[in-house]
Amino acid sequence: MIKLPLNYNKILKTLFICALSLFTILNLIKLKKVVSDIVKIKQLTNYQDIEYRFKGLENNLPKGTTYLGYFSDSDLTKSDDVKLLSQAQFVLAPVILDYTNIDHKYVLFVCNNETNAWKKMKETNTSPFLRNRYGVILGVKP
Amino acid sequence: MIELLKTYLPFIVSFLTGFFLINLILRKANVSFPIRFFLGSGLGFGLSANITFFSFVFFNQLNKTFVILVTIVLFVALFVLNIISWLRNSKPKIIWDKKYLLFLLTFIIFCTLFIPLCYQANFYPYGGWDAWSCWNLKAKFMFLAKDHWQNMFDPILWRSSPHYPLLLPSMNVFFWIMQDTPTTTGPLINSIVFTFLLLGLLIFGLKDLTKSIFSAVPAIFILSLPLFQKLAYSQYNDLLVAYFLLASFFCLIKTKETNLPEFSFLGGIFLGVLSFTKNEGLLAALLILLLSFPYLFWRNKQLSKTKIIKFLFIGLFLGAISTLIFTFFYAPKNITFINGLVSSEKPITLMRIKIILAFYFFELFTPIWNLIAVIKHNPKAIIDAKWMGIWVVTVIIIIMNFKKCFALKLWIIPVFLLLYNFIIIFYYLINTYFQIDWWLQVTLHRILFSVLPTVMFWIFYSLWQENKNSQ
């Protein structure tokens, strides 16, 4: 059987601590860059606000509404468009946004081009109930 | 001032309740204050989350009076019992040694690293995508929806994984309990507090087991990792998985070391709470439970088997009662699953296997890939080493220290890690619902994030395990 030198464990310990210390220094250099990037962005905005596009809607929804239809002129299989739907869902929870069905009494129109929203509203006989400053429209059916 | 109190009081009460509880459980054990602090806090937060969840079980909605009343009764009862116990027992003596200075210095460095973490967390108050679209969304439903809270299980919300357990949402609801509207502050503070608890437990768990002055080094390294900081302030549930995983292992190792059923009881509780975090936590808890029997009793005649098992199961039942209720009475079917083994539409392909293995290689061994790129003079192929080579060092240490890594005291961790990863790889393979490259891209680093503190604990303990005996 091979006999290991007495200080073998000591060597391993030293290797481990040295590796972690070296990695920590490299991490700190990287971390400094990450933080300074945020410092730069902070000159434009104080924090990342995921709710802004839907501001003004959450407190003005008709009482007792549990489901809203959701219409978008974008492709809901794409990550960015899904993100917008998820953000709307988060802001308006506990109301559920049904993106598969716009036959609900209230429908949320979230379009990249607002003209598409008005066109769809006309098609589905929906009138505007609420519109926020970012062009998001809550429509209501008669 | 009142707003501050409304935000922080639930945290303080929750922490103190856990601390008082752990003091009572471990009253006969010789356990240091930091261990009581770091285990007690997690226990307290888990307890508060469970009380909140029970409000939904009993009243089918959030009943603030019930949650506050139960919390106050528990708090007062545990406080009184603690005073009685403190008066009866001898007080622990604080022994100071000069060599602790170096440890104190490393601990201060560790605390300093929370400054960039808090700064980043403040900039991203909503956390990462999965935090607000899944965990905090559920918390909002639970807090605001009254008796419609189960609408969050609607299949239309499949992106928020409605079948996942509710520990984190329940915990966040508890932290909002004194407020009228859900704020971003509660989940944000929760993520920072749990990062502190997780790494604090890593430091003082290692200190307790090895007495090494270097026991803060792994935690400093982990906390300095930009990727770790990002995942920590992202408010993901994986942070809780990491904490309860480490706490469970620590308690099981202490059970073996001390022969005290109190530790097996605590281990059981932590395993139970772990199972309520998310499905990966449930899998981990089941695996650890299965492994704990051979771990505790194989080649160990000293342990009082019946008592240890009895206490482990009592703890497990208490910790997992919410998981059982949720799984059997509330959890909807997982609709994001297609069995690729039998599906003709989306079968398993050879490419899927290749992609999984490639992702694991690149995630774990980026420095090796980068080294090859440098040797071949191909700088364009160099990719960002997110984990800074820690997995390469880990593998080297395992190979060079193989016998000690699988020693009697420790083998449960590597065997668990192997089985856990094997099952997760198998799940990646057979569940063909998601496009595999996207799925791995958004989840694999989080799985590694949740096991990293346990891996560091294991490697460090394997190297320093004889340290304690030589003191």
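Values below: all heavy atoms of this structure, side chains included; hydrogens, waters and symmetry mates excluded. Below, read A as the first sequence line, B as the second, and so on, with proteins coming before strands; counting in each chain starts at 1.
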Quick one: does [X]'s side chain get under 4.5 Å of [Y]'s, heavy atoms only?
{"X": "Tyr126(B)", "Y": "Tyr47(A)", "answer": "yes"}
{"X": "Trp132(B)", "Y": "Glu51(A)", "answer": "no"}
{"X": "Trp129(B)", "Y": "Ser86(A)", "answer": "yes"}
{"X": "Leu31(A)", "Y": "Gln120(B)", "answer": "yes"}
{"X": "Lys230(B)", "Y": "Val34(A)", "answer": "no"}
{"X": "Ile156(B)", "Y": "Tyr70(A)", "answer": "no"}
{"X": "Asn27(A)", "Y": "Phe221(B)", "answer": "yes"}
{"X": "Ile38(A)", "Y": "Tyr124(B)", "answer": "yes"}

Report task. State whether the number of non-hydrogen atoms from other residues, nucleotides or ligands found under 6.0 Å of Tyr52(A) atom OH is greater than 12. Result -> no
Query raised in the report: How far apart are the C-alpha atoms of Phe214(B) and Lys13(A), what are their side-chain angles, what is the distance that settles it, and do they pass the side-chain contact (heavy atoms from CB on, under 4.5 Å) test?
Result: CA-CA 10 Å; Phe214(B) 297 111; Lys13(A) 282 179 184 176; over 6 Å; no
Between [atom1] of [X] and [atom2] of [Y], what distance do you get to the nearest 0.5 Å?
{"X": "Leu137(B)", "Y": "Gln89(A)", "atom1": "CG", "atom2": "CD", "result": "5.5 Å"}
{"X": "Leu463(B)", "Y": "Lys10(A)", "atom1": "CG", "atom2": "NZ", "result": "14.0 Å"}
{"X": "Ile390(B)", "Y": "Phe16(A)", "atom1": "CD1", "atom2": "CZ", "result": "5.5 Å"}

Query raised in the report: Ile17(A) and Phe460(B): side-chain contact (heavy atoms from CB on, under 4.5 Å), yes or no, with the steps?
Result: CA-CA 9 Å; Ile17(A) 293 295; Phe460(B) 191 96; 4.3 Å; yes
For [X], is it the side chain, the backbone, both, or neither that has a heavy atom closer than 4.5 Å to a heavy atom of chain A?
{"X": "Leu113(B)", "value": "side chain"}
{"X": "Lys404(B)", "value": "side chain"}
{"X": "Val393(B)", "value": "side chain"}
{"X": "Asp154(B)", "value": "side chain"}
{"X": "Lys138(B)", "value": "neither"}
{"X": "Leu144(B)", "value": "both"}
{"X": "Pro182(B)", "value": "neither"}

Let's test your reading of the structure: which of [options] forms the most heavy-atom pairs below 4.5 Å with chain B?
{"options": "Ile50(A), Leu97(A), Val91(A)", "value": "Ile50(A)"}
{"options": "Leu15(A), Asp49(A), Val95(A)", "value": "Asp49(A)"}
{"options": "Ile25(A), Thr100(A), Leu22(A), Ile96(A)", "value": "Ile96(A)"}

Tell me the closest heavy-atom pair linking [X] and [Y], and the distance in Å.
{"X": "Phe90(A)", "Y": "Lys140(B)", "answer": "O-NZ, 2.8 Å"}
{"X": "Tyr119(B)", "Y": "Lys42(A)", "answer": "OH-CD, 3.4 Å"}
{"X": "Asn151(B)", "Y": "Tyr67(A)", "answer": "ND2-CE1, 4.4 Å"}
{"X": "Leu12(A)", "Y": "Ile397(B)", "answer": "O-CD1, 4.1 Å"}
{"X": "Ala93(A)", "Y": "Phe141(B)", "answer": "CB-CE1, 3.9 Å"}

Query raised in the report: Side chain, backbone, both or neither: which part of Asp98(A) has an atom under 4.5 Å from a heavy atom of chain B?
Result: both
Max heavy-atom pair count under 4.5 Å with chain A, selected residue of [options]:
{"options": "Asn401(B), Leu225(B), Val217(B)", "answer": "Leu225(B)"}
{"options": "Ser133(B), Pro125(B), Pro116(B)", "answer": "Pro125(B)"}
{"options": "Asn122(B), Ile220(B), Ile396(B), Ile459(B)", "answer": "Ile459(B)"}

Query - Contact list for residues 29-39 of chain A, test salt bridge (Lys or Arg N to Asp or Glu O under 4.0 Å), sequence neighbours left out - result: Lys30(A)-Asp384(B), Lys33(A)-Asp37(A)
